Amino acid sequence: QTKSADTLVTVSKISVQSTDFIKMQMNSDKAYITMADSVIPSEADPTIGICVEAAFTGELLPEFKSSNVAGNYVIDGELHKGYKCKANTGFLYADKSTFVISSTQHCSKWIKKAQTSKGCLFQQMLLVNDGANVYRGKPIKPGSSNIYRSACVMKDGSFAVIQSKTALPLAQFINSLIAMGVKDALYLDMGVGWNFGWYRTTTTSAPVRLFNYKSEYQTNWLVVKSRE
């Protein structure tokens, strides 16, 4: 797919050792990363280039509580208190001009930055850091097969969401990301109903669903949004 002047997201298929992946790369000139919680953004909203589940959700609750989101998080500069989650080893920080995926040891400083920059931040499992596999092996076993998805900062400085087309072991998914030129990667919540999400390539494109079944218990989303 070629990038035109109004492209929000460029979608490509990449094969690594005969396994296929879908790469949804953000056009930073036209779009930026933000986050939503409580109510899922509308698929009909033309300004949304990508919407996928971000942090883990604790319990299946009928109503939304920020304390049911794994780890403290920030949306538009506002801090929300999540629950303590041992699985979280990294975070994604983003404002309108920059984005960073890093280890949780730096998280408190970046939470403060998100608050002052009116940016966003959420916590998740760090898979790749500086081009190396840093996954700790839990709570998902490296040999456990599933369709996986992650938020990625590429070595060329671009941002992409990458998802496997078929089930594969997590360790293979991580090594495939590295082979694709991923510098830093953060896991995104998956599993039946949690993996629901979509992308659109331009503000006039129809949304393309990544999975059809949506869990009513989803609580928070990584959103790529048009700057217009």
Side-chain angles (χ1 to χ4, degrees), residues 6-9 24-58 61 63-85 88 90-104 106-126 149-153 157-161 184-189 194 196-200 202-203 207 214-228:
D6 59 348
T7 299
L8 300 176
V9 178
M24 296 158 270
Q25 185 167 315
M26 176 175 80
N27 175 6
S28 294
D29 295 335
K30 289 288 172 183
Y32 67 97
I33 302 163
T34 182
M35 190 183 170
D37 70 355
S38 178
V39 178
I40 190 166
S42 167
E43 280 177 272
D45 182 342
T47 67
I48 292 174
I50 299 174
C51 178
V52 287
E53 181 81 358
F56 289 127
T57 296
L61 299 180
E63 75 288 342
F64 174 78
K65 292 179 181 162
S66 68
S67 58
N68 199 28
V69 175
N72 293 346
Y73 62 100
V74 181
I75 298 177
D76 296 334
E78 191 178 334
L79 177 65
H80 302 266
K81 295 282 190 180
Y83 69 90
K84 278 195 166 60
C85 176
N88 288 344
F91 65 86
L92 167 67
Y93 164 91
D95 57 39
K96 283 193 173 170
S97 58
T98 186
F99 43 83
V100 172
I101 290 173
S102 189
S103 155
T104 42
H106 310 297
C107 197
S108 53
K109 157 181 113 175
W110 285 94
I111 282 177
K112 288 194 180 79
K113 184 167 166 62
Q115 288 175 280
T116 54
S117 70
K118 299 278 190 284
C120 71
L121 179 146
F122 70 89
Q123 300 183 57
Q124 252 294 2
M125 306 190 307
L126 191 61
R149 179 192 292 155
S150 69
C152 304
V153 175
S158 62
F159 177 81
V161 173
D184 303 298
L186 196 69
Y187 186 82
L188 294 172
D189 197 6
W194 304 100
F196 176 82
W198 71 90
Y199 65 84
R200 64 163 48 75
T202 70
T203 53
K214 171 167 52 175
S215 166
E216 61 189 305
Y217 300 113
Q218 282 195 351
T219 57
N220 70 98
W221 302 270
L222 164 66
V223 178
V224 167
K225 201 163 164 58
S226 169
R227 293 185 181 276
E228 307 297 290

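Since this is a predicted model, take the numbers as computed values, not measurements.
Looking only at distances, no side-chain donor or acceptor of Asp95 sits under 3.5 Å from a matching main-chain atom of Ser117.
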Give every donor-acceptor pair under 3.5 Å between a side-chain atom in residues 118-125 and any protein atom, sequence neighbours left out.
unit_1	atom_1	unit_2	atom_2	d
Gln123	NE2	Asn72	O	3.1
Gln124	NE2	Ala54	O	3.0

Using atom types as modelled, flag every donor-acceptor pair under 3.5 Å from a side chain in residues 73-84 to any protein atom, sequence neighbours excluded.
unit_1	atom_1	unit_2	atom_2	d
Tyr73	OH	Asp37	OD2	2.7
His80	NE2	Glu78	O	3.4

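Of the inter-residue distances, the one linking Cys51 atom SG with Lys225 atom NZ reads 10.5 Å to the nearest 0.5 angstrom. In this structure, the separation between OG on Ser150 and CG on Leu92 is 11.0 Å, given to the nearest 0.5 Å. Separation of atoms CG (Leu8) and CD1 (Ile50) is listed at 9.0 Å; rounding is to 0.5 Å. Atom SG of Cys152 sits about 8.0 Å away from atom CG of Leu188, to the nearest 0.5 Å. Atom CD1 in Ile33 sits 11.0 Å away from atom OH in Tyr93 (nearest 0.5 Å). In this structure, CG in Asn68 is found 4.0 Å from CG in Leu61, a value given to the nearest 0.5 Å.
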(message) side-chain contact (heavy atoms from CB on, under 4.5 Å), that's the test. Do Ile40 and Lys214 meet it? Break it down for me.
(response) CA-CA 10 Å; Ile40 190 166; Lys214 171 167 52 175; 4.1 Å; yes
(request) Given side-chain contact (heavy atoms from CB on, under 4.5 Å), test Leu126 with Ile101 step by step and report yes or no. (result) CA-CA 8 Å; Leu126 191 61; Ile101 290 173; 3.6 Å; yes
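Under the salt bridge (charged side-chain N to carboxylate O under 4.0 Å, His left out) criterion, the residue pairs touching residues 65-74 are Glu63-Lys65, with sequence neighbours excluded.
For the pair Ser42 and Ile48, the tightest heavy-atom approach, listed with the atom from each and the gap, is O-CD1, 4.2 Å. Pairing each heavy atom of Val69 with each of Phe64, the nearest pair is CG2-CE1, 4.1 Å. Nearest approach of Pro207 to Arg200, heavy atoms of both residues: CD-NH2, 3.3 Å. In terms of heavy-atom proximity, Arg149 sits nearest to Phe196 at NH1-O, 4.3 Å. Of all heavy-atom pairs spanning Glu53 and Trp194, the tightest one is CB-O, 3.3 Å. What you find for Gly157 and Phe99 is that their closest heavy atoms are O-CZ, 3.3 Å.
In terms of the side-chain hydrogen bond (donor to acceptor under 3.5 Å, both in side chains) criterion, residue partners of Glu43 (sequence neighbours excluded) are, by chain and number, Arg209. For Tyr32, the ring-ring contact (aromatic ring centres under 6.0 Å, His included) test picks out no residue, with sequence neighbours left out. Applying the side-chain hydrogen bond (donor to acceptor under 3.5 Å, both in side chains) criterion to Thr98, with sequence neighbours excluded, gives no partner residue.
Contact check for Ile111 versus Phe91: no side-chain heavy atoms found under the 4.5 Å cut-off.
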